[in-house]
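What follows is one structure encoded as structure tokens, with my remarks underneath.
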Amino acid sequence: MKLAARFGQVPASLTLAIAAKAKAMKAEGLDVCSFSAGEPDFDTPAHIRAAAKAALDAGKTRYGPAAGEPKLREAIANKLRQENSLAYERCNVIVTNGGKHSLFNMMLALIETGDEVIIPAPYWLSYPEMVKLADGKPVIVPTDASSCYKITPEQLRASITPKTKLFILNSPCNPTGIVYTPAEIKALAEVVVEQDILVVSDEIYEKIIYDRVQHLSIGALGTEIFERTIISGGFAKAFSMTGWRLGYLAGPVELIDAVTTIQSHSTSNVCTFAQYGAIAALEGSLDCVENMRQAFAQRRKIMFERINAIDGISCPKPDGAFYLFVNISKTGLKSLEFCKTLLESQQVAVVPGIAFGTDECIRLSYATDMNSIEKGMDRLEKFVHSLNSM
Ligand SMILES: *Cc1c(COP(=O)(O)O)cnc(C)c1O
């Protein structure tokens, strides 16, 4: 069978491959410590589950509008106005099957063949593949620990060509956990406006931030940047709702209408009763989010200290999300080899940085219990020491 050319360049997800191997080892009865999770390890809060169950019992089981339940779109617009200072109305918001779906549909609606999309590396691994699937060209801009893995305004400006359509900003960032400061966001916004490109701000981790760090939505910085901003958000990470498949996209009405048309011919509405869970998430108390955030904060502290106490590996302190991005270049191993050997010799699963465009690092998720963290860090320490003594 001859597959479409656009598919030829898209590899299967590397993170899923490592996760599958770890799972298989677990099934064999091996005691695997996994730091590969890209999702919170908590149950969805009870009031959210209850709202979805009630909706199911109330017969919310039919087709709904392709753009989402009006009440949910309204609740999302309210949230964006109140929490993020973004002047959106219901017509600026579409409910999607998750943040991933938001971004993919947005690319389909915006990108023409050959359009360039600027992606700072390390990046969330689906960004470049989505751009390629939409027949666009990912333009990867490498960053490193010296700038805390942040793209500078100079780098952004230098990457822009007449073909540039879009810049992808992800703060808090997966895989690094870094959060851009308000001043840094402002400087990037100035370049976006000056060069008249679009920016999509992936804010899926906005509520998982630590210490006194602030999350700022780039679109809140004035009318000119607001008009060029698209917001991608969702419920998966903050509310521990990964399996619900619920996200949203917010932006100019023309774009939201285009994405609505795409959805009307592809997925139709997002699961109707699940949307009622999302309404409860937005309208209910945020104590549940805060409790999860505090648990993440504790784990982050322990894991950050343990890793930086190991000779030969290091990472910057992340301000958000639930990942540590650890430099392993001193061990002399490339990321994939490091991860494979670590999994085979110590039964510790981590994700190779090459999946995120940075081969000298690995990603560790602390969306796992404290016992596993302590045990896994002991093993990682042993592993790196064994490499050092070779
Ligand atoms: C998890 C994640 C998403 C979206 O996840 P969904 O489950 O599709 O809502 C988007 N961006 C980043 C960076 C993520 O880590």
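Both counts, for ligands and for their atoms, begin at 1 and track the order of listing. Note: hydrogens, waters and symmetry copies are ignored here, and every other heavy atom, side chains too, is used.
Here salt bridge (Lys or Arg N to Asp or Glu O under 4.0 Å) pairs that include residues 294-306, with residues two or more places apart or in two chains, are Asp41-Arg299, Asp211-Arg300, Lys301-Glu305, Arg306-Glu374, Arg306-Asp378, Arg306-Glu381. Applying the side-chain hydrogen bond (donor to acceptor under 3.5 Å, both in side chains) definition to pairs two or more places apart or across chains, none involves residues 46-64. Under the salt bridge (Lys or Arg N to Asp or Glu O under 4.0 Å) criterion, the residue pairs touching residues 89-107 are Glu74-Arg90, Arg81-Glu89, with sequence neighbours excluded.
Ordered by chain and residue number, the residues placing a heavy atom less than 4.0 Å from ligand 1 are Gly98, Gly99, Lys100, Trp124, Tyr127, Asn170, Asn174, Asp202, Ile204, Tyr205, Ala236, Lys237, Arg245.
Checked options Ile119, Leu156, Val191; the residue passing with Ile151 is Leu156 (criterion: side-chain contact (heavy atoms from CB on, under 4.5 Å)). Shown are Phe304, Tyr210, Phe296; of these, the ring-ring contact (aromatic ring centres under 6.0 Å, His included) with Phe322 is made only by Phe296.
Between Trp124 and Tyr127, the two ring planes are perpendicular [angle over 60°; tilted spans 30° to 60°].
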